[in-house]
Amino acid sequence: YWSKTQNHFGRYGETTPIHQSRCAHCGKDCFWLKTAEGVDEDDTGEGVLLIPAGSVAPLPHPEMPENVKIDYMEARNIVNNSPRGATALLRLSIQKLCVHLGESGKNINSDIGNLVKKGLPVEIQQALDIVRVVGNNAVHPGELSEEDVADIAITLFHLVNEIVEDRIAKPKKLRKLFERLPEGAKKAIEKRDKTT
């Protein structure tokens with residue numbers, strides 16, 4: 001459902017270029033800046049979503065740790081206006097993710113190296129390094145152009161989600177499945193593993 005907004009600076013209100021929409025499903029409101037006229041009186045035309053801030057970046061993985069999700073969501077909220085800022089926040093996200101995976105968090109490069117020594121798959125190591133390097137270079141003058149950062153920014157969100165899927169979600173799913181095995185089978189597996 002759509003409605004127009006008015007200002008009341010003078011005696012009579014004037015219609016503003018801000019339009020309000022209310023979702024028929026959830027009942028929540030959005031506010032839009034009208035950028036083009038519609039074809040008839042009832043058509044609101046084209047506009048830019050102002051509130052809530054729209055983002056083309058994917059939502060965080062459901063298994064993403066809360067402290068990582070805070071930076072991820074901040075990056076998601078600003079990526080349209082500041083891809084450089086978003087990539088820097090994503091770099092911070094993976095630094096916190098490394099801490100969640102058992103590393104110190106003091107030096108992200110060392111943390112990734114330690115994870116590699118512990119058997120981190122090459123694809124995940126590369127994803128971590130891509131986010132680390134792009135996030136770092138995005139804030140240093142002359143390292144990456146604005147266009148380069150804008151082109152790769154959305155991809156970094158997908159990479160962070162893939163890292164969470166591989167390092168947190170998959171092991172959790174496997175652990176739950178393993179716990180459902182009969183006790184006798186789990187004891188036999190434990191005995192086998194002690195002898196090998």
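FYI, side chains are in, hydrogens and waters are out, and symmetry mates aren't considered; it's all heavy atoms of this structure.
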Applying side chain to side chain contact (heavy atoms under 4.5 Å, CB included) to Tyr1 and Ser3, what does each step give before you reach the verdict?
CA-CA 7 Å; Tyr1 305 108; Ser3 69; over 6 Å; no
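Expressed to the nearest 0.5 Å, how far OG1 of Thr87 lies from CZ of Phe157 amounts to 8.5 Å. If you take CD1 on Ile154 and NE2 on His158, they are separated by 7.0 Å, rounding to the nearest 0.5 Å. The CD1 atom of Ile130 sits 9.0 Å away from atom OG1 of Thr155, with the distance rounded to the nearest 0.5 Å. Here the straight-line distance linking atom CG of Leu115 with atom CG of Leu128 works out to 7.0 Å at 0.5 Å rounding. Distance check, rounded to the nearest 0.5 Å: CD of Gln6 to CD of Glu14 gives 9.0 Å.
Sorted by first and then second residue, the salt bridge (charged side-chain N to carboxylate O under 4.0 Å, His left out) pairs involving residues 111-131 (not counting sequence neighbours) are Glu103-Lys118, Asp129-Arg132.
Listed for the Ser82 side chain is no donor-acceptor partner under 3.5 Å among the backbone atoms of Val79. Put simply, the side chain of Asn161 gets close to the backbone of Leu59: a donor and an acceptor are under 3.5 Å apart. Under a 3.5 Å cut-off, the side chain of Thr5 and the backbone N or O of Ile18 do form a donor-acceptor pair.
In plain terms, the two heavy atoms of Pro83 and Ala153 that are nearest each other are CB-CB, 4.1 Å. Between Met73 and Pro60, the closest heavy-atom pair is SD-CD, 3.4 Å.
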For residues 169-183, dump all side-chain donor-acceptor pairs below 3.5 Å to protein atoms at least two apart in sequence or in another chain.
from	atom 1	to	atom 2	distance (Å)
Lys172	NZ	Glu63	OE1	2.9
Lys173	NZ	Glu165	OE2	3.3
Glu183	OE2	Lys186	NZ	3.1

Donor-acceptor pairs under 3.5 Å, side chain of residues 91-101 to any protein atom, not counting sequence neighbours: which ones?
from	atom 1	to	atom 2	distance (Å)
Arg91	NH1	Gln95	OE1	3.3
Ser93	OG	Tyr72	N	3.4
Ser93	OG	Leu89	O	3.1
Gln95	NE2	Gly105	O	2.8
Lys96	NZ	Asp71	OD2	2.6

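Counting only heavy atoms from C-beta outward, the side chains of Ile168 and Pro65 approach each other to under 4.5 Å. You'll find the side chain of His61 stays beyond 4.5 Å of the side chain of Val160, heavy atoms only.
Using a 4.0 Å cut-off between charged nitrogen and carboxylate oxygen, Glu66 and Lys69 count as a salt-bridge pair.
Clustering ILVMFWY residues whenever any of their side-chain heavy atoms sit less than 4.5 angstrom apart, transitively, puts Ile108 in the very cluster that holds Val116. Cluster annotation: Met64 is connected to Ile124 through the hydrophobic network of ILVMFWY side chains, with a link wherever side-chain heavy atoms come within less than 4.5 Å.
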